[in-house]
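The figures here come from the full heavy-atom set of this structure, side chains too, leaving out hydrogens, waters and symmetry mates. Order of appearance sets the numbers: ligands from 1, and atoms from 1 within every ligand.
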Amino acid sequence: MSENDSNPWDVIIVGAGFAGLTAGIAAAEAGARTLIVESEAVPGGGASISSGILWAPQSTADLTGYVTDGDPALQSAYCDNFFPALEWFMSHGLPLSQPAPLGDLGIGIVMEGGTAGKKHEFMALMAEAARRKGAEIRFNAPLQSAVRSEDGYLVNLGGGKMPVRTRAIVFAGGGFQANSELVDRYIGANAARAFYQRGMPANTGAGLQTALSLGAGESRNMNHVYGHSMPDAPLPPERLQPLTAYIALHSIAVNRAGKRFVNETEGKLEEVILEEAWKQDGGVFWLIFDDRTYRQFGIDTGISPALPKIDRLVEWRAVGAPVFEARSLEELAQQLHETEGVSYDALETINTFNAACHAGTAENLDPPRSINPDPVEHGPFYALRARGGLSATCGGIRVDDAMRVLDSAGNALPGLYAAGVDAGGVFGRYYGGWLGWALVSGWLAGQGTAAR
Ligand SMILES: Cc1cc2nc3c(=O)[nH]c(=O)nc-3n(C[C@H](O)[C@H](O)[C@H](O)COP(=O)(O)OP(=O)(O)OC[C@H]3O[C@@H](n4cnc5c(N)ncnc54)[C@H](O)[C@@H]3O)c2cc1C
């Protein structure tokens, strides 16, 4: 036990990722004795390997207009507090760009100007900002469990150490995307095996499980996920973001039966492909695109200048991802059939898609294609075998608009808060900015614990 543990902490924050560090800065700044515990040896969590684009929709109406299944109270808390939280955040001298419009996503700022590899440094600076305000950060200190005590909670950090006393806990452990048992339980049977892990291995849902053991309720949307299409090849964490198959937004996605199974452009960032991809045979699908699309979006994704301009076709091949190339669509369909076992019906699927794009009826296809009706007709033609890359779980601990943890009847549990991906229900089938949510929910949770 550390000397500092002899008196109860005002708050223990679980996780030194974006939400946890934000909560730590806010709580310590407001005068709370703050301990941040992190299971890994360094701070950062998912943000350290992210694109670093901290964004939020322009308004609550904008968010509720397309994330139709999210919790309206959380969505208002998010959008109404985004600019105040951002202003507060920017006052801490961190290297951030100025807020700017981000296409139809909303408004965004970029960490470290979006420079690849610099997000670790940014997260280290956030940790430093929390320490400057008086927070202590303890690494290699995983939350394992917690129980109620007379003056709050006893938190077990493993390693045979004495439990640590605290008046409040903020769960900011990044959700349960890396816990295959929980993914299978909440998302669907055998989902974990089908997904590609596009997130932090440490995010195993200890926050959710501990909160449930203390009486918390589950949020809505426990079965929804967020992520992107990934090449079906193993990648180290720092390559997950650059090698993401952002081209999915301009491709046709077909399953082993050679059929389209999803509107590839539903949602704002192709997140809906994931919702359907894990249900396909073997969890895999093939993204089919032509040379024109590859030249237009394979290097510069067109999504944000913060995404690196790299030749993804070259990079995918270099890591051994299954990429197929042919001079004609017939030849591509034959290759996929012979080497991947994809039904030759894929050819008819592509021809039907192309005809609808030319006729302006792509929206009437089944499944429809709502935007980017780009016919696949300029050879050479390509196919990438892909999987749904799971970055975050949309359901989690049930919270109110002040990030207080609620039981299943909607009553607040004393001294318990959640933030970031651990705080579930703001997003569902669609999504509106994880880093923006981590900022706002972390800020609210940190202030809430200090106000106690
Ligand atoms: C490749 C990639 C690119 C992305 N790009 C963007 C982007 O540009 N914009 C955007 O908005 N979002 C993006 N995201 C999503 C975003 O980065 C995350 O959703 C966000 O960082 C989540 O913040 P968090 O604090 O909730 O969780 P995390 O940042 O993951 O932090 C959770 C922390 O808790 C720790 N932890 C877990 N379990 C325990 C435990 N038992 N005890 C103690 N500590 C624990 C973890 O080690 C981690 O440090 C991206 C994600 C990925 C993977």
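- Counting heavy atoms from C-beta outward, E271 and Y430 have side chains that approach closer than 4.5 Å.
- Distance check: E150 CD to R165 CZ gives 10.0 Å after rounding to the nearest 0.5 Å.
- Every residue two or more places apart in sequence or in another chain that forms a ring pair (Phe, Tyr, Trp, His ring centres under 6.0 Å) with F89 is listed here: F18.
- With atom 27 (O) of ligand 1 as the reference point, the heavy atom nearest to it among A438, A178, G174 is part of G174.
- Distances from atom 48 (C) of ligand 1 to the heavy atoms of M200, E38, E40 show the closest one on E38.
- Look at F171 and you'll find every heavy atom at least 4.0 Å from all atoms of ligand 1.
- Taking the charged nitrogens against the carboxylate oxygens, R132 and E128 have no contact shorter than 4.0 Å, which rules out a salt bridge.
- Under the 4.0 Å criterion applied to side-chain N and carboxylate O atoms, K119 and E238 are not assigned as salt-bridge partners.
- In this structure, of F18, Y431, W434, the residue bringing a heavy atom nearest to atom 18 (C) of ligand 1 is W434.
- For the residues V421, L105, L143, N203, the heavy atom positioned nearest atom 22 (C) of ligand 1 is part of V421.
- Remark: ligand 1 atoms within the under-4.0 Å shell around heavy atoms of G52 are 8 (O).
- Within the 4.0 Å heavy-atom shell around ligand 1 one finds V14.
- The shortest N or O to N or O distance between S39 and ligand 1 is below 3.5 Å.
- For S229, the side chain to side chain donor-acceptor pair (under 3.5 Å) test picks out E270, with sequence neighbours left out.
- Taking any N or O of G420, backbone or side chain, none lies under 3.5 Å from an N or O belonging to ligand 1.
- Salt-bridge check for E276 with R429: passed, with a basic side-chain N closer than 4.0 Å to an acidic carboxylate O.
- Across the listed options A47, G433, G108, A47 owns the non-hydrogen atom lying nearest to atom 21 (O) of ligand 1.
- Looking at G20, G207, A41, S51 and measuring to atom 5 (N) of ligand 1, the nearest heavy atom belongs to S51.
- Between A172 and ligand 1 there is a heavy-atom distance shorter than 4.0 Å.
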